[in-house]
Amino acid sequence: MKRFGLLGVALLAMGLMVAGGCAKKVSSTPAGASASVSTDAGNQGGLTEAERQKMMAIEKIQANRIYFAFDSNELSQESRQILTEKAELMKANPSLILVIEGHCDERGTNEYNMALGERRARAAKDFLALSGVDASRIQTISYGEERPMCTEHNEACWSKNRRDEFRAQ
Amino acid sequence: MRFALFFVLIQVLLLPMPARAGDVLTVDIYGPGQTKINVLIADPLPREAGASLAAVPENAPATLQQYIQSNCAFLPFFSMVSGRDVVGGPLPGGYAAPNIDFQRFKLSRVDVLVTAAWQPRSGGLGDVELRAYEVFSGRLIVGRGYTVQTRPQLPEVAARFCADLMEALTGHGDFFRSNLAFVKRDGQRKQVFMSTAQGVGVQQLTNLNGVCMSPSWSHDGQKLVFAFLDQKGHSICEWNRQTRELRRLKMPGATVISPTFTARGTIAVTLDMGGSPDIYELNPDFSIARVLEKSWAIDVSPDFDQAGDKMVFVSNRLGNPQIFMKNLTTGVVSRVSFDGKYNTAPSISPDGKLVVYSHLINGQHKLFLADLASGVERQLTFGPGSDEDASWSPDGYFIAFASNRSGRYQIYITTKHGDEPILIPTGPGESFSPAWGKL
């Protein structure tokens, strides 16, 4: 449910950016669209408009993970698309710092997986840097196979664990 | 020195009986095949005729017998014989030649007979004399005497005696003079522990709020280095055994993987300073001394032979992870593993001749052994589960590894011959990443 909620906010924001070209024009969006935004804002009483925009950007950046094939740090087409959206948000919010976490499934051995997790995080960082985000704003950390999302021993589960997660602040 | 506080060592009690060189019982643990030796640990006896073992407190004689029995069970070239199988009963008639009736044990196919003679001592458990005889010739292989003050000293007495016995038979007794460091899961955290190589005296070394990984002992057994991961990122830790102090440092780059001691006593570690994980050698102050191996790909898990000529490591420079060996004198890198698409976690034997590593087959890791001279690779472990993180013993005979063959990860040992793995008891919870060091 939370993911759908976040997705909705992300789609909404993309729509707003396309329609208005600037996140600050939330107040001029249609009533139906602005309702969900104002609900979020309502929970964040006392925040300035800039702070609200920053919080929304953080939420959107953290919303979508990217996934990898076994023993691979190659970015899929879908991952590139997700990263492109994150790059735009990072550029629009220059005060944000991003931490990219690289993760692996349990099948590899621990040390190699720790290196592979770093390569996965680094692949996303390099893409964002090439997309115009200042590399000094992006940190990477590899968790190898230490923090699985899913603990079952099958491909459906392993494929969820081979991922990059994004933490913005 | 510690041992000297507890025990008074009385050297060999009896002179060996004369035996021709060809008659001497030996085991070549490095040979192509192994001789099985039938061993009987005889029931303990009082040293004074007519005395009773009941005078020795805390059931020490039987406890020591059990420890020796357990220790011998770790040696795959020993086949333990039950006293029930001895013609005429298990009691040897005496604890020392010439009172021992070797003929009965010879008829029961016993090769080595171990006897124990106890005498109570005020203020302690007692004095014990341990002897191992070659049954065929009646030759004394090992004779030792110990004064035992407390019950916790019994496993150490057993280990000392078994080390001497193994050394007398094989030329190497380091298995009983070595320890294992390993990582145990503690909820979301992982801590470093150590015990003897037989799993005795398990103690927790760290209590850190994060994940400890890849412990490695210095060659003198005094320092332990490992990688650490928490919310703030990766760091390198060094634990001093003498002071029990922990030194923790951030390193350049975001990642610290597989720190290990080189033959020279320096630390080699994988860092990602240049955008890819490469292997560096550190100065004593943990600054970077030099690059040991660098490529566009992942280079990780270095391990060194005792002479310091060879470094094995994992690299995916050819598309998937394989084992490579770098000649540190010439700088030439050669590929070690050719079979399969996922070979990781190598450990090179102290003599630099063999490399053991994890090979992924059908989703599970098995230990494989590569002979560097011939290039032959062969499977060393079989059965269910994954076998990972192999580590050679200092004598180059045993190999410790982590396996989930029982359903959860625990530490096992096998030998370079691929003998049936034996569980090392490390207590409740999962155990990983064994690293062999000196006791």
Side-chain angles (χ1 to χ4, degrees), chain A residues 68-74 97-127 129-130 135-149 151-159 161-162 164-165 167 169, chain B residues 183 185 188-190 210-211 213-214 227 229-234 253-260 270-272 275-279 297-303 313-316 319-322 341-346 357-360 363-365 386-390 402 404 409 432-433:
Chain A
F68 296 86
F70 176 67
D71 189 27
S72 171
N73 61 325
E74 248 178 64
I97 300 293
L98 181 64
V99 179
I100 307 174
E101 299 175 355
H103 299 266
C104 301
D105 69 29
E106 64 181 16
R107 284 179 298 169
T109 44
N110 194 274
E111 292 174 358
Y112 182 76
N113 270 347
M114 203 53 76
L116 182 61
E118 175 59 30
R119 296 280 283 196
R120 285 174 174 167
R122 173 75 67 164
K125 176 179 178 175
D126 290 347
F127 186 93
L130 283 172
S136 66
R137 296 171 57 205
I138 309 169
Q139 296 166 15
T140 58
I141 182 168
S142 173
Y143 285 103
E145 58 188 74
E146 295 296 334
R147 292 191 175 184
M149 276 191 65
T151 54
E152 290 166 26
H153 309 296
N154 53 51
E155 176 53 30
C157 192
W158 293 328
S159 63
N161 292 335
R162 299 188 297 262
D164 275 351
E165 293 202 20
R167 278 191 286 123
Q169 53 197 17
Chain B
V183 166
R185 193 185 293 285
Q188 291 293 312
R189 309 187 304 171
K190 285 182 178 173
V211 178
M213 300 172 287
S214 308
L229 168 65
D230 65 4
Q231 290 287 355
K232 293 177 185 168
H234 291 236
T255 312
V256 177
I257 311 171
S258 59
T260 188
T270 292
L271 305 170
D272 72 331
S276 71
D278 298 312
I279 301 169
I298 290 172
D299 297 310
V300 72
S301 303
D303 192 43
F313 61 100
V314 176
S315 180
N316 67 344
N320 44 51
Q322 295 293 348
K341 291 183 175 176
Y342 197 105
N343 294 303
T344 54
Y357 55 90
S358 293
H359 172 106
L360 189 64
Q364 293 184 324
H365 296 278
S386 273
D387 303 329
E388 303 174 31
D389 299 332
N404 65 349
Y409 277 96
F432 313 84
S433 303

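Computed from a predicted model, the values in this text were never measured in an experiment. Lettering of chains follows the sequences in order, A, B, ..., and the numbering in each one begins at 1.
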Could you check which of Val300(B), Thr255(B), Val314(B), Asn316(B) has the highest count of heavy-atom pairs closer than 4.5 Å to chain A? Thr255(B)
Taking every non-hydrogen atom, the tightest pair across Ser214(B) and Glu111(A): OG-OE2, 2.7 Å
Given a strict heavy-atom distance threshold of 4.5 Å, which part of Ser276(B) is in contact with chain A: side chain, backbone, both, or neither? both
For the interface with chain B, which of Arg122(A), Arg147(A), Arg107(A), Lys125(A) has the highest count of heavy-atom pairs at distances below 4.5 Å? Arg122(A)
Closest heavy-atom contact between Gly319(B) and Asp71(A)? O-OD2, 4.5 Å
Could you go through the side chain to side chain contact (heavy atoms under 4.5 Å, CB included) check for Val211(B) and Met114(A) one step at a time? CA-CA 12 Å; Val211(B) 178; Met114(A) 203 53 76; over 6 Å; no
Against chain A, label Asp230(B) side chain, backbone, both or neither, depending on which of its atoms sit under 4.5 Å from a heavy atom there. backbone
Is there a side chain to side chain contact (heavy atoms under 4.5 Å, CB included) between His234(B) and Ser142(A)? Walk through the geometry before answering. CA-CA 8 Å; His234(B) 291 236; Ser142(A) 173; 4.2 Å; yes
Taking side chain as everything from C-beta outward and backbone as N, CA, C, O, which of these in Tyr143(A) sits under 4.5 Å from a heavy atom of chain B? Side chain, backbone, both or neither. both
Gln231(B) and Ile141(A) have their tightest heavy-atom pair at O-CD1, 4.3 Å
Over all heavy atoms of both residues, which pair between Glu118(A) and Asp272(B) is shortest? Give the atoms and the distance, please. OE2-OD2, 2.6 Å
Go through Ala254(B), Gly363(B), Ala227(B), Gly275(B) and name the one with the most non-hydrogen pairs under 4.5 angstrom from chain A. Gly275(B)
Any idea which of Leu360(B), Ile298(B), Thr344(B) has the most non-hydrogen atom pairs under 4.5 angstrom with chain A? Ile298(B)
Looking at every heavy atom in both Glu146(A) and Leu229(B), which two are closest together, and how far apart are they? CG-CD2, 4.4 Å
Pro277(B) versus Arg119(A), closest heavy-atom pair with distance: CD-CD, 3.7 Å
State the OG1-CG distance between Thr109(A) and Asn343(B), to the nearest 0.5 angstrom. 9.5 Å
CG on Asn320(B) to CZ on Phe70(A), rounded to 0.5 Å: 9.5 Å
